[in-house]
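Predicted model, so just to flag it, every value in this text is computed and none were measured.
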Amino acid sequence: MVKDLFERIQQNKGPLGKWASQAEGYYVFPKLEGDLGPRMKFHGKDILNWSLNDYLGLANHPEVRKADTEAAAAYGAAYPMGARMMSGHTKYHEQLENELATFVMKEAAYLLNFGYQGMVSIIDALVTKNDIIVYDVDSHACIIDGVRLHMGKRFTYKHNDLESMEKNLQRATKMATETGGGILFITEGVFGMRGQQGKLKEIVAMKEKYNFRLLVDDAHGFGTLGKTGAGAGEEQGCQDGIDVYFSTFAKSMANIGAFVAADKDIIDYLKYNLRSQMFAKALPMIQTIGSLKRLELLRNSSEIKDKLWENVNALQKGLKDRGFNIGDTNTCITPVYLEGSIPEAMVMVNDLRENYGIFLSIVVYPVIPKGIILLRMIPTASHTLGDIEETLSAFEAIREKLVNGTYKEIAAKTTVDVSDER
């Protein structure tokens with residue numbers, strides 16, 4: 001008997017989907033209103049927002065808004081119409097690629113419509129069934145999905161664990177010798193949940209012993225790390241050792257799109273083999289010209305990055321001084337780890353938003369282990385020291401309620417399924 005395809009879906013909504021009736025529109029898929037920035041509105045109330053990836057505050061920068069507006073007026077939202085390979089190529093796409101390549105110290109670069117689909121497609125294009133992939137177990141979903149397309153062998157290593165990396169490189173080397181393939185090592189410049197930098201310098205050093213190529217997803221490092229903002233590789237002094245450098249425009253560039261940079265022969269290959277780009281409409285002119293302006297500001301306005309790090313340091317120091325656990329982040333991403341169940345987390349975030357006017361991202365199982373609540377904050381150059389003090393005071397108050405059982409008591413009175421909690 002053939003089952004109805006939708007039967008499983010209707011009976012099991014998934015680990016996050018099962019909370020939809022209580023969470024959607026508030027805890028997930030929230031509707032924020034007003035100009036992008038630290039002060040917005042949520043459910044009609046003013047909130048202090050720590051949940052935007054607009055690190056450098058470029059989303060509402062007057063020069064950026066002007067460039068976007070002028071590009072929209074000149075070209076509309078559709079231009080260029082068609083895939084770049086067939087009919088959507090322009091001098092502005094080439095200019096942006098050349099400037100990006102120079103900025104991240106690579107020979108060439110290629111624009112991508114979206115970061116997620118771009119990374120999936122890059123992995124797919126770089127390897128064959130004979131090649132071996134070695135990647136961090138905490139890799140972003142776009143990397144994991146790219147690896148899933150791989151028809152060959154892949155190994156995961158423990159997060160940022162050098163011993164585990166080497167062990168899996170040894171396994172990969174043995175297998176690649178048998179298959180006649182090569183090895184692709186994948187990590188991130190900055191891990192988006194914990195805020196740790198990938199151990200790029202140490203990984204590059206392993207190339208002296210093992211024959212592999214290194215692909216780095218630096219979505220959160222580009223624009224925030226390094227002397228010039230060129231990312232985690234520049235920060236760690238090993239940019240030359242990164243064979244394929246990838247970043248998205250959705251963070252520091254406050255835009256849509258992404259790019260990949262490498263030696264010219266590798267970029268030339270990717271241009272003709274990245275299926276997600278070959279068969280997709282070109283990046284619209286609004287995003288392309290807008291990104292040129294953003295990159296100009298990123299290169300020439302170091303005071304923006306300085307302000308970002310002033311805020312990052314003040315927030316993270318303030319949290320640590322008050323006894324909060326922020327893990328071992330060494331980037332802008334600021335996680336706060338607390339102990340509690342998903343129902344307690346829901347009550348706590350509701351309290352933060354409704355009574356303290358603080359909006360931030362909440363991360364729970366299955367993204368992190370059960371029993372842990374991660375409050376993830378993204379400080380930006382647009383925040384103020386006053387915003388930080390207001391937030392620190394609110395955090396002290398909610399921690400007290402979590403510890404003394406107030407949130408647990410409230411959660412017990414709500415219709416929340418806690419059968420699989422703890």
* To do: Carefully, step by step, assess Glu235 and Lys305 under the rule salt bridge (Lys or Arg N to Asp or Glu O under 4.0 Å).
  => CA-CA 14 Å; Glu235 177 78 12; Lys305 188 161 73 74; over 6 Å; no

* Answer yes if the side chains of Thr224 and Ser252 hold a donor-acceptor pair under 3.5 Å, and no otherwise. => no

* Asked: Does Arg194 pair with Asp138 as a salt bridge, N-O distance under 4.0 Å?
  -> yes

* OH/Tyr79: more than 12 non-hydrogen atoms of other groups inside 6.0 Å -> no

* When rounded to the nearest 0.5 angstrom, what distance separates CG in Leu374 from OH in Tyr337? -> 5.0 Å

* Asked: Between Thr380 and Asp54, do the side chains contain an N or O donor and an N or O acceptor separated by less than 3.5 Å?
  -> no

* So do the side chains of Leu112 and Thr248 get within less than 4.5 Å of each other, counting heavy atoms only? -> no

* To do: Could you verify whether a donor N or O on one side chain and an acceptor N or O on the other, from Tyr116 and Asp145, lie under 3.5 Å apart?
  => yes

* Asked: More than 12 heavy atoms of other residues, nucleotides or ligands under 6.0 Å from NZ of Lys207: is that the case?
  -> yes

* Asked: What do the steps show when you test Glu354 against His43 for side chain to side chain donor-acceptor pair (under 3.5 Å), and what is the final call?
  -> CA-CA 9 Å; Glu354 299 300 320; His43 282 217; 5.1 Å; no

* Structure fact -> Rounded to the nearest 0.5 Å, the CD atom of Glu234 sits from the CZ atom of Phe103 at a distance of 7.0 Å

* Can Lys271 and Glu94 be counted as an ion pair, charged N to O under 4.0 angstrom? -> no

* May I ask you to test the Tyr26-Phe42 pair for a side-chain heavy-atom distance under 4.5 Å? => yes

* Report the C-alpha separation of Tyr157 and Phe185 in whole Å, then their side-chain angles, then the decisive distance to 0.1 Å, and conclude whether the ring pair (Phe, Tyr, Trp, His ring centres under 6.0 Å) test is met. => CA-CA 10 Å; Tyr157 58 84; Phe185 193 107; 5.1 Å; yes

* Taking it one step at a time, do Glu97 and Tyr92 satisfy side-chain contact (heavy atoms from CB on, under 4.5 Å)? -> CA-CA 8 Å; Glu97 287 170 342; Tyr92 294 105; over 6 Å; no

* Structure fact -> CG of Leu295 to CD of Gln95, rounded to nearest 0.5 Å, is 9.5 Å

* **Whether over 12 other heavy atoms sit under 6.0 Å from Arg275 CZ** => no

* Output, in order, the C-alpha distance, side-chain angles, deciding distance and verdict of salt bridge (Lys or Arg N to Asp or Glu O under 4.0 Å) for Glu163 and Lys158. => CA-CA 9 Å; Glu163 183 179 346; Lys158 296 177 184 177; over 6 Å; no

* Gln117 side chain near Cys142 side chain, heavy-atom distance below 4.5 Å -> no

* Flag the pair Asp351 and Lys401 as a salt bridge only when some basic side-chain nitrogen lies within less than 4.0 angstrom of an acidic carboxylate oxygen. => yes

* Tell me, do Ile133 and Lys153 make a side-chain contact under 4.5 Å, heavy atoms counted? -> no

* Taking C-beta and beyond as the side chain, do Tyr210 and Ile183 meet within less than 4.5 Å on heavy atoms? -> no

* Hey, is the main chain of Leu162 close enough, under 3.5 Å, to the side chain of Lys167 for a donor-acceptor pair? -> no

* Asked: Are the side chain of Tyr245 and the backbone of Gln239 linked by a donor-acceptor contact shorter than 3.5 Å?
  -> no

* **Side chain to side chain, Val216 and Leu200, heavy atoms closer than 4.5 Å** => yes

* Audit row: Glu396, Ser393, side chain to side chain donor-acceptor pair (under 3.5 Å) steps and yes/no -> CA-CA 5 Å; Glu396 288 185 297; Ser393 297; 5.0 Å; no

* **Any donor-acceptor pair under 3.5 Å from Asp243 side chain to Leu215 backbone** => no

* **Note, Gln196 side chain near His159 side chain (heavy atom, < 4.5 Å)** => yes

* Regarding His220 and Tyr55, is there a side-chain donor-to-acceptor distance under 3.5 Å anywhere? -> yes

* Steps toward side-chain contact (heavy atoms from CB on, under 4.5 Å) verdict (Leu214, Val204) -> CA-CA 8 Å; Leu214 175 60; Val204 168; 3.9 Å; yes

* **Non-hydrogen atoms of Lys281 and Pro284 that approach each other most closely** => NZ-CG, 4.2 Å

* To do: Measure from the side-chain N and O atoms of Ser87 to the backbone N and O of Met81, and report whether any donor-acceptor pair falls under 3.5 Å.
  => yes

* Centre of Phe324's six-membered ring, under 6.0 Å away, within 45 degrees of the axis: is that where NZ or CZ of Arg399 sits? -> yes

* Asked: Short question: side chain of Asp218, backbone of Phe246 - any donor-acceptor pair under 3.5 Å?
  -> no

* What distance separates Leu56 CG from Ser382 OG, expressed to the nearest 0.5 Å? -> 9.0 Å

* Determine whether more than 12 heavy atoms belonging to other residues, nucleotides or ligands lie under 6.0 Å from atom CZ of Arg154. => yes

* Hey, does the side chain of Asn313 reach the backbone of Trp309 with a donor-acceptor pair shorter than 3.5 angstrom? -> yes

* Greater than 12 external heavy atoms within 6.0 Å of Lys201's NZ -> no

* State, without any angle test, whether Thr102 and Glu99 hold a side-chain donor-acceptor pair at a distance under 3.5 Å. => no

* Checking Arg353 side chain against Ile47 main chain: does a donor-acceptor pair fall under 3.5 Å? -> no

* Asked: Could Lys174 and Glu178 be called an ion pair, given the rule that one side-chain N must be under 4.0 Å from one carboxylate O?
  -> yes

* **Residues Tyr110, Asp268; criterion side-chain contact (heavy atoms from CB on, under 4.5 Å); working and verdict** => CA-CA 9 Å; Tyr110 187 57; Asp268 286 344; over 6 Å; no

* Check whether any side-chain N or O of Ser276 sits under 3.5 Å from a backbone N or O of Ser121 as a donor-acceptor pair, and report yes or no. => no

* Is the shortest side-chain N to carboxylate O distance from Lys66 to Glu63 below 4.0 Å? -> no

* Asked: Within the distance-only criterion (no hydrogens, no angle test), does the side chain of Thr334 pair as donor or acceptor with the backbone N or O of Arg376 below 3.5 angstrom?
  -> no

* Has the side chain of Asp387 got a donor or acceptor atom that lies under 3.5 Å from a matching backbone atom of Thr384? -> yes

* Asked: So, are Arg148 and Asp124 salt-bridged, with charged N and O less than 4.0 Å apart?
  -> no

* Asked: CE/Met348 to OH/Tyr356 distance, rounded to the nearest 0.5 angstrom?
  -> 11.5 Å

* **Asn60 and Arg65: side chain donor to acceptor below 3.5 Å** => yes

* Working for side-chain contact (heavy atoms from CB on, under 4.5 Å), residues Ile373 and Leu375 -> CA-CA 6 Å; Ile373 303 168; Leu375 301 179; 4.1 Å; yes

* To do: Please check if atom CD1 in Ile256 has more than 12 non-hydrogen atoms from other residues, nucleotides or ligands closer than 6.0 Å.
  => no

* Are side-chain N/O atoms of Asp131 and Thr128 paired as donor and acceptor at under 3.5 Å? -> yes

* To do: Would you indicate whether the side-chain heavy atoms of Glu188 and Asp136 approach each other to under 4.5 Å?
  => no

* Can you name the nearest heavy-atom pair linking Thr288 to Leu96, along with the distance? -> O-CD2, 3.8 Å

* **Separation between CG of Asp46 and NZ of Lys41, rounded to the nearest 0.5 Å** => 3.5 Å

